[in-house]
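Working notes, structure below.
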2 protein chains.
Amino acid sequence: MKVHFGDCLNVLPSLRIGSIDLTYVDPPFCTQRQHRLSTRDRTIEYSFDDRWKSLSEYGDFLSERLRVIHLALAPTGSLFFHCDKTASHIAKFLLDEIFGTANFRAEIIWHYKRWSNSARNLLPAHQTIFFYSKTDNYKFNTVLTDYSPTTNVDQILQRRTRDQSNKSVYDRDDNGNVVYNGTKKGVPLSDVWDIPFLNPKAKERTGYPTQKPVFLLQRIIELVTDPGDLVLDPFCGSGTTLVAAQSLMREAIGIDTSKEAVALTKKRLKQPVITESFLLKKGLKAYRNADETALSLLNGVPYVPVHRNNGVDAFLKSTYKGVPIPVRVQKHGESLSEAAAALRKAASSKNAHRMILIAIDDIPTLFPDPTIPDSVVVVNAPGLSIKRLLAQMELEDQSGCHAET
Amino acid sequence: MKVHFGDCLNVLPSLRIGSIDLTYVDPPFCTQRQHRLSTRDRTIEYSFDDRWKSLSEYGDFLSERLRVIHLALAPTGSLFFHCDKTASHIAKFLLDEIFGTANFRAEIIWHYKRWSNSARNLLPAHQTIFFYSKTDNYKFNTVLTDYSPTTNVDQILQRRTRDQSNKSVYDRDDNGNVVYNGTKKGVPLSDVWDIPFLNPKAKERTGYPTQKPVFLLQRIIELVTDPGDLVLDPFCGSGTTLVAAQSLMREAIGIDTSKEAVALTKKRLKQPVITESFLLKKGLKAYRNADETALSLLNGVPYVPVHRNNGVDAFLKSTYKGVPIPVRVQKHGESLSEAAAALRKAASSKNAHRMILIAIDDIPTLFPDPTIPDSVVVVNAPGLSIKRLLAQMELEDQSGCHAET
DNA sequence: AAAGTAAATGAATCAGTAA
DNA sequence: GTTACTGATTCATTTACTT
């Protein structure tokens, strides 16, 4: 783990290294802006300038450095070039020229979800990473992911053969039974990567602008290097690449033109903080609690579902006295007064004067005070109305029968 | 709906059209391959040649045509240019030059899942669509999607203010309660679109190579045009753009250099086959279809769903005078008396004395006799009850204000 | 007019704290 | 220990306004 201060254009040749296994390049994106950010305690401000006279000036800047970087790579080495839509086409031209079109391996899309107030456009939610190898003989570790739930796993395990017209068909043995053919391990990793954006509250955050998540770098490093290999980041910024390399037992060299960035990288390597994304581990499903069929009861009224609150299932888009109206659908096995209490408790701090509770069943309560406050309006689900109706009809029926006899 | 045979370079100027609202360009991607595919019955083989002497030859081909296409656009018009990683950088250069960098709106990633046995690489799972407008004053219909389940919906409805150090914080009233601030509608559509690849077994498939799903085109068309607008596809191929435009009540012009493609497009327009996605979308727009709504609305009462009956959606398992009770859920745009009539007509042969109609909306009737027979019991869906409640609350609110003055 | 600066915005996520 | 729920934070933003 070495961190150098200076411009990679000058630093790299002086290091005389020719056996880099992976270079991750995360240069300025040509945003024509000055980027600034501070640590949370506001003691240090980090910044870098991304303003250029022209596209060609930017292109020249990249071109010079990419040539030096190309030289430093081992024959089995790879380059990952991170950029966004503003200058990806320029980078692609240069990379094709320097590495050769034949060594262009993949265009990786890093897809994430973000907050923004965009109105008259699509919300930007991706960046691009170009993957080039130095030669045809490049190191690559196949990563397999799970099959999609819709995949007919049983069938893809079966042996295949060709019929008379040379069409590929699934094979059968003499008894007409399917024949299995070894095991399958999964689906190769795709070139679209859904990795959460570095969260505003994440501990991993250093205060350096444009910081990338460690997980993204870990995936790149694991894809094309083995433990002990050497990783280079010529624009190392906050040092994410080095932290990721360290966590995966790879060696790494970082270079940056900012003294603050170099200091930060060194500090991070001593005390690495890697946030374990709950979202990545558990997936979105872990957040879903409000039942979808339950919410479809609200059909016809505009509402926003709430997924993270045990008391409130949705807010109506209409407001009452300026406050959105919380809605709860009575849960299975829950009495109406219990439901009302849960709703009121969850809504108490929200200043709501009107709440709506959808009743789905008559459940006797064990609750000490079985009254429902005035602020909670109870609306019956049709199922409940019908149930009561049926009971009533049955009564009428019986009395009718009695009258006849 | 017009389909022209020929090269758009020659055909477009001869059409003398200057008010195209949307052009979708899906040219050869510079794959250096001859693309062939046949219809399932193998009677027709479609093919097009995508082999080029050099990148610059390909660039010249595009450049000439893009200039003509640019001229044909209305001032509020947009261009969507479909390509993949092999030549996206060339296209971007040309588009920046012809449309102006300032009119580059978005780089859309069409992400799909596809099976492949790619071994020493990532699985290609995306294509790129560049979105350019002719001017700053372009037509754009904001599309909103649902919030992520992890979103703190409670909080984003709250008003914000600035504290002493000018930091943005959530506001509280004098009692320490949160203050709400209007309503939210949802998240703007992102620039990464997860749309399934045209299924190998889809009915929608025509046998034309590189056929795109209709759903993809529908999304593009809805994003930047209104009904009645004019859509152009200068490389129309199998005619997907025209089929999508037709389904959304837009006019369209298609051009192709292949006689077979032109014939296929004309044939598809007469008998459009749109698989699932379209149905799915229509269903969503109409707030789900009756079956699903019926299912969830009846939750709690045992019932048997009925398919293929225009009047009855389900039968309750309970009986009245020995006859199962038919249930209908009021359809969208259907008045209650119309619904009751349909229900009674369908149930007449069933000898039913009691029917249940679930009301979902107040729709004024055009029906001669707007009465509902006694045998039909009307039960309100919660959505309707809430709608009426909201209207009532609004009235109270207003009268309250009057009383104060 | 173009360009540059200041202000407003927005939703996704994890860190805390409370239960 | 767990498991809720609340709140803070951003910003390779976007928009509005001023030079």
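Chain naming here is simple, since letters A, B, ... match the order of the sequence lines and numbering starts at 1 in each.
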Of the nucleotides [options], which has the atom closest to the [X] side chain?
X	options	result
A:K201	D:dA12, D:dG7, C:dA11	D:dG7
A:L37	D:dT10, D:dC11, D:dA12	D:dC11
A:R114	C:dC14, D:dC11, D:dT9	D:dC11
A:P200	C:dG16, D:dT9, D:dC11	D:dT9

Which atoms of nucleotides 1-3 of chain D (N or O only) lie under 3.5 Å from a protein N or O atom, and what are those distances?
none

Donor-acceptor pair, A:Q246 side chain versus A:V243 backbone, under 3.5 Å? no
Checking [X] now: which residues fulfil salt bridge (Lys or Arg N to Asp or Glu O under 4.0 Å) with it, not counting sequence neighbours?
X	result
A:E260	none
A:K201	none
A:D49	A:R51

To the nearest Å, how far apart are [X] [atom1] and [N] [atom2]?
X	N	atom1	atom2	result
A:N121	C:dT9	CG	C1'	16 Å
A:Q34	C:dG4	CD	C1'	13 Å
B:N152	D:dT10	CG	P	17 Å
A:D84	D:dC11	CG	P	15 Å
B:E107	D:dA12	CD	P	18 Å
A:K345	D:dA4	NZ	C1'	9 Å
A:W52	D:dA12	CH2	C1'	14 Å
A:D49	C:dG4	CG	P	12 Å

Counting the atoms with a prime plus P, OP1 and OP2 as sugar-phosphate, which does [X] contact under 4.0 Å by heavy atoms, base, sugar-phosphate, or nothing?
X	value
A:K212	base
A:F48	base
B:G186	sugar-phosphate
B:D146	nothing
A:P213	nothing

Given D:dG7, is OP1 or OP2 found less than 4.0 Å from the side-chain N or O atoms of B:Y170?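 B:Y170 to D:dG7 OP1/OP2: no side-chain N or O under 4.0 Å.
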A:R36 side-chain N/O to D:dC11 phosphate OP1/OP2 under 4.0 Å: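 Result: no.
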Answer with yes or no whether B:R160 presents, from its side chain, a donor or acceptor under 3.5 Å of a partner atom in the base of C:dG10.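 Indeed there is one.
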Between the base of C:dA11 and the side chain of B:Q155, is there a donor and acceptor pair under 3.5 angstrom?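 Answer no: no donor N or O sits under 3.5 Å from an acceptor.
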Holding to ring-ring contact (aromatic ring centres under 6.0 Å, His included), I want the full list of residues that pass it with [X], two or more places apart in sequence or in another chain.
X	result
A:H111	none
B:W110	B:H82, B:Y112, B:F197
B:Y138	none

Who are the side-chain contact (heavy atoms from CB on, under 4.5 Å) partners of A:T240, not counting sequence neighbours? A:Q211, A:V214, A:L217, A:S238, A:R268
What pairs with B:T101 under side-chain contact (heavy atoms from CB on, under 4.5 Å), at least two apart in sequence or on another chain?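 Partners of B:T101 under the side-chain contact (heavy atoms from CB on, under 4.5 Å) test: B:D96.
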Which residue is it: A:T39, A:L264, A:L37? I am looking for the one with a side-chain contact (heavy atoms from CB on, under 4.5 Å) to A:I44. A:T39
Could you pick out which residue, A:T39 or A:P124, lies toward the 5' side of DNA chain D when each is mapped onto its nearest nucleotide?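 Going by which nucleotide is closer to the 5' end, it is A:T39.
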Pairing pattern in dot-bracket form [Watson-Crick, G-U; both distances under 3.5 Å; | = partner strand] for DNA chain C: .|||||||.||||||||||
The side-chain hydrogen bond (donor to acceptor under 3.5 Å, both in side chains) partners of A:T31 (sequence neighbours excluded) come to A:H35, A:D50
Identify whether a stacking contact exists between A:W115 and C:dA11, where the ring centres must be under 5.5 Å apart and the planes under 30° apart. no
Can you check the distance between C:dA11 and D:dT15, where both ends of the measurement are the P atom (answer in whole Å)? 13 Å
Work out how far the P atom of D:dA16 is from that of C:dG10, and round it to whole angstrom. 11 Å
Which pairs, protein N/O on one side and nucleotides 15-19 of chain D N/O on the other, fall under 3.5 Å?
from: D:dT15; atom 1: OP1; to: A:A119; atom 2: N; distance (Å): 3.4

Can you confirm if the aromatic rings of A:Y46 and A:Y208 lie within a centre distance of less than 6.0 Å?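 When the ring centroids of A:Y208 and A:Y46 are compared, they turn out to be within the sub-6.0 Å range.
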Ring centroid separation for B:F93 and A:F93, is it under 6.0 angstrom?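 Between B:F93 and A:F93, the centre distance is under 6.0 Å.
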Select from A:S116 and A:F197 the residue whose nearest nucleotide in DNA chain C is closer to the 5' end of that strand. A:S116
Using the side-chain contact (heavy atoms from CB on, under 4.5 Å) rule, take A:H126 and B:E107 through it: C-alpha gap first, then chi angles, then the decisive distance, then the call. CA-CA 9 Å; A:H126 77 275; B:E107 178 185 82; 2.7 Å; yes
